[in-house]
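Taking it in order: structure first as structure tokens, then the write-up.
The first residue in the sequence is number 1, and the count goes up from there. Since we're looking at a predicted model, the values are computed, not measured.
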Amino acid sequence: MYEFTKDCMIGIKEIDDEHKKLFDMINDAIALADKTEDVTYIAKNLIKGLKDYAAVHFAHEEAYMESINDPELELQKKQHAAFTNKVNNFTLDT
């Protein structure tokens, strides 16, 4: 399980809440996977959920960073794009 700790927080409630939700999604999937032998359904739902939720979160985070002229915005956009590409191209070996 992954623990959402204070070092994961940036101090912006909306962004921190969204980061915590991402941790919760992954931990919920892990907990369900521990209870079943066929994790295909769980994995497919997790990937779809990550695709959908990450898109919303990334938009919020990037808008916030832009509003404060954060110098790390371009790096963050690249990291978001890499994550999105990885999730969009993920396939399950079934």
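With sequence neighbours excluded, no residue forms a ring pair (Phe, Tyr, Trp, His ring centres under 6.0 Å) with F90. Looking at residues two or more places apart in sequence or on another chain, you find a side-chain contact (heavy atoms from CB on, under 4.5 Å) between K48 and D52. Considering only residues two or more places apart in sequence or on other chains, V39 meets the side-chain contact (heavy atoms from CB on, under 4.5 Å) condition with A33, T36. The side-chain hydrogen bond (donor to acceptor under 3.5 Å, both in side chains) check on Y41 picks up N45, with sequence neighbours excluded. For E62, the side-chain contact (heavy atoms from CB on, under 4.5 Å) partners two or more places apart in sequence, or in a different chain, are F58, L73, K77, H80. Legend: residues meeting side-chain hydrogen bond (donor to acceptor under 3.5 Å, both in side chains) with D24, ordered by chain and number and at least two apart, are K20.
A salt bridge between D17 and K21 is absent, with no side-chain N of the basic residue lying under 4.0 Å from a carboxylate O of the acidic one.
Atoms CD and CD1, on E18 and I12 in that order, are 12.0 Å from each other to the nearest 0.5 Å. Note that the CD atom of Q76 and the CE atom of M65 stand 4.5 Å from one another [nearest 0.5 Å].
Cluster membership check: Y64 does not share its hydrophobic cluster with F83, using side-chain heavy-atom separations under 4.5 Å among Ile, Leu, Val, Met, Phe, Trp and Tyr. M1 is connected to L46 through a chain of hydrophobic side-chain contacts under 4.5 Å among Ile, Leu, Val, Met, Phe, Trp and Tyr, so both are in one cluster.
Using a 4.5 Å heavy-atom cutoff, the side chains of L22 and L50 are in contact. Side chains of I15 and H57 form a contact here, defined as non-hydrogen atoms less than 4.5 Å apart.
The two atoms that bring D16 and F4 nearest to each other are O-CZ, 3.6 Å, heavy atoms only. Closest of all the heavy-atom pairs between F23 and E3 is CE2-O, 3.3 Å.
At least one donor-acceptor pair under 3.5 Å links the side chain of N27 to the backbone N or O of Y2.
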